[in-house]
Protein chains: 2
Amino acid sequence: MRPTVHDIAAAAGVSLATVDRVLNQRPGVRHVTREKVETAIREIGYVRDVAAANLAKGRTYSFVFIVPASDNSFMHGLNAEVMAAVARSPVERTDIRTLEVPAFDPTALAAALDTLRIERPAGVALVATDAPEVRDAVDRLVQDGIPVVTVVSDLTGSQRHHYAGVDNIAAGRTAARLLGRFLGGAKGDVAVLAGSMLVRDHRERLEGFAAVMAEEFPGLSILPVIEGRDDPDMAHMLVSDALSKRDGIIGVYSLGAGNRGLIRALKEKSVDRALTVIAHELTDHTRTALLDGTIDAILNQDAGHEVRSAIRVLKAKADGLSVIDAQERIRLDIFLKDNLP
Amino acid sequence: MRPTVHDIAAAAGVSLATVDRVLNQRPGVRHVTREKVETAIREIGYVRDVAAANLAKGRTYSFVFIVPASDNSFMHGLNAEVMAAVARSPVERTDIRTLEVPAFDPTALAAALDTLRIERPAGVALVATDAPEVRDAVDRLVQDGIPVVTVVSDLTGSQRHHYAGVDNIAAGRTAARLLGRFLGGAKGDVAVLAGSMLVRDHRERLEGFAAVMAEEFPGLSILPVIEGRDDPDMAHMLVSDALSKRDGIIGVYSLGAGNRGLIRALKEKSVDRALTVIAHELTDHTRTALLDGTIDAILNQDAGHEVRSAIRVLKAKADGLSVIDAQERIRLDIFLKDNLP
DNA sequence: CCATTTTTGATGTACGTAAATCAGATTTTT
DNA sequence: AAAAATCTGATTTACGTACATCAAAAATGG
């Protein structure tokens, strides 16, 4: 049987009340006594029964999820996953609330974070906009002892406890290698469609992509990045334009959202030329395009996993428990026609 | 607040004891009363607090993991993951025991399963050998009300509750498309190295591989399958032999274990020819080979995820709870040089 | 309609922990 | 050495469920 608080009390030769004071860092225990109890805890290998503890506390973890109010398919999917978690929340003793903030607006995000310092939830998850004011606001929360995890996009130099998202440099590198290999030894131009170079994940993907292209596929040259602001219409216009002007384009890498517009542009031009295309994020549109051959591969991060992982990590931090690292690593999914879920 | 048993009692106008009798299907409740209680449960949306219930029961889930005593890297990895789960088991109120049975031996496996009918663990996970006697033994366990999940390799036509493993047909198809695309339009022969055609996962991978090759890459022809019995030495010999005899080979698909031998053979021959190689299972050996260019892509199933998923599902079944399907889907990982974990 | 069986209610204990109260024992300060 | 402050112990209640016991009520059989 697992040792209980009673066993600690017996082993340390103190009363249950004292053990409780030590375990829950309540005041009123002399230093020597505290040490004695802590030794006993270590020696008999006591671990708190979290289920029983939460039952006793009547505790519910109140978490806040901050998501950008942006309306591309990926963010909709992320929102849906958070909602699914909310639906499950009573069963898991969690009380999850979402907070929408304007996309790409560091000031609004920082303000929202500061509001939470007063509310003091048991944990905060956010899709970070990579700016100093956001970093500082996050660090203030962390200093206040509130667990914080970033989701999808990380925050440079902050003290957030965890990042639930993919390695975007690796994602860009992978895209480059896939594109390069799929193109065989062909020479030509590669167009890159991004949302905005102001978001860290897009910057990193491009960085990885460019690095591998330069190292390994000298026959392919990257054209200046097209910034479509994750907007389908804008993406459509810009990509159509590029394809008309440059007929040396043989490959496309779409590293952000707004793929609906990209796909439309590709279909319009596909009559007279064959392009190899790698895109990010599996949505209804990209899935269809993959199946009909318009897109050759999709790189994806599973929003559901990210949300569940973020919640697990927040819970563990709130309980002072450790996490299984391998379990929380968010993987980069590569989808071809054949392995779609 | 979540409704409790007291709320049911109040809503149904019966006593706590009666509610308890209904909830735990104890005898001594009239049919009409039982219905009344069940209606109340549904209406107020009661869900049992599993943590409290287990605390009250003092319950620990005793699970048995049946793994084949085969000594390739993948099975070692699987074993290590089971051991890691065992190490965590006290914290999670589980008591996991492993049972080794000879590999590829349906009779031994069926016998082991039948032993468990007497022991009656709270759940059984097994790496299935696909044979009728194993299927029947599994079905007997299921009939006895014991949750059973298959791991890595599934069992045709059985009533197991869940399969924690990848879709092997999709894996084979994906391998074919990757190999085909990587080879550009080149024409030539493709060698396939398998463990044994008696295991379902290997059969299915080949099936998927052959299908896509035939449909989409008519320029590539598949040579008769080499069965290396997942043994490095045997694989080395057979592959070396094949490469010497047929110089039309431009691609290799290794769908089983024993890659150590394959890699050795490839390195010996690589001086005079360039091969495109797709292999299964990420191990130290295949990882090194991927990094040095001997292998071009690795398809992988994460043994840790499979083990944890199997345990989660067994627990849920034992508690009569539902599982999050998306969470339990085991994904096929595709690793290139750039996205190795 | 009484005896018997079946169904229901009332109540208590247990699981492992949290949290509170109050009394008693130490220490520290004056 | 007395007063005050600080520590420690003993005990109790609670969380939501499981499970057992005994008494009371209702339904059933003859």
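Predicted model, so just to flag it, every value in this text is computed and none were measured. Order of the sequence lines sets the chain letters (A, B, ...), proteins ahead of strands, with each chain counted from 1. Only heavy atoms go into these numbers, but all of them, side chains included; no hydrogens, no water, no symmetry mates.
- Taking atom CG of A:L16 as the reference point, atom C1' of C:dA20 lies 14 Å away to the nearest angstrom.
- Here the side chain of B:N79 pairs no donor or acceptor atom with the backbone of B:V67 at under 3.5 angstrom.
- Residues from residues 44-60 of chain A with heavy atoms under 4.0 angstrom of DNA chain D, sorted by number: A:L55, A:A56.
- A:D136 contributes no side-chain N or O that, together with a main-chain N or O of A:E133, makes up a donor-acceptor pair within less than 3.5 Å.
- Contact annotation: the side chain of A:V19 approaches that of A:V14 to within less than 4.5 Å [non-hydrogen atoms, C-beta and beyond].
- Nucleotides of DNA chain D that come within less than 4.0 Å of any heavy atom of chain B span, from the 5' end to the 3' end, D:dG16 to D:dA27.
- In this structure, the side chain of A:R2 engages the main chain of A:V47 through a donor-acceptor pair within 3.5 Å.
- Taking the charged nitrogens against the carboxylate oxygens, B:D319 and B:R48 have no contact shorter than 4.0 Å, which rules out a salt bridge.
- Heavy-atom distances to DNA chain C give each of B:R93 and B:S15 a nearest nucleotide, and the one nearer the 5′ end belongs to B:S15.
- Spacing between atom CG of A:L23 and atom P of C:dG16 amounts to 15 Å, rounded to whole angstrom units.
- Without hydrogens or angle criteria, B:T94 side chain to B:I96 main chain gives no donor-acceptor distance under 3.5 Å.
- Counting any heavy atom pair closer than 4.0 Å across all strands shown, B:N24 reaches sugar-phosphate atoms only and no base atom.
- When the P atom of C:dG9 is taken as reference, atom NE2 of B:H6 falls 14 Å away, rounded to whole Å.
- Put simply, the side chain of A:R93 never gets that close to the backbone of A:A51: no donor and acceptor are under 3.5 Å apart.
- Checking B:P27 against A:R2, the closest nucleotide of DNA chain C that is more toward the 5' end is the one next to B:P27.
- The CG atom of B:D20 sits 15 Å away from the C1' atom of C:dT7 (whole-angstrom rounding).
- Under a 3.5 Å cut-off, the side chain of B:D20 and the backbone N or O of B:L16 do not form any donor-acceptor pair.
- Side chain of B:S89 to main chain of B:V86: a donor-acceptor pair is present (N/O by atom type, distance under 3.5 Å, no hydrogens or angles).
- Rounding to whole angstrom units, NE2 of residue B:H31 and P of C:dT7 are separated by 12 Å.
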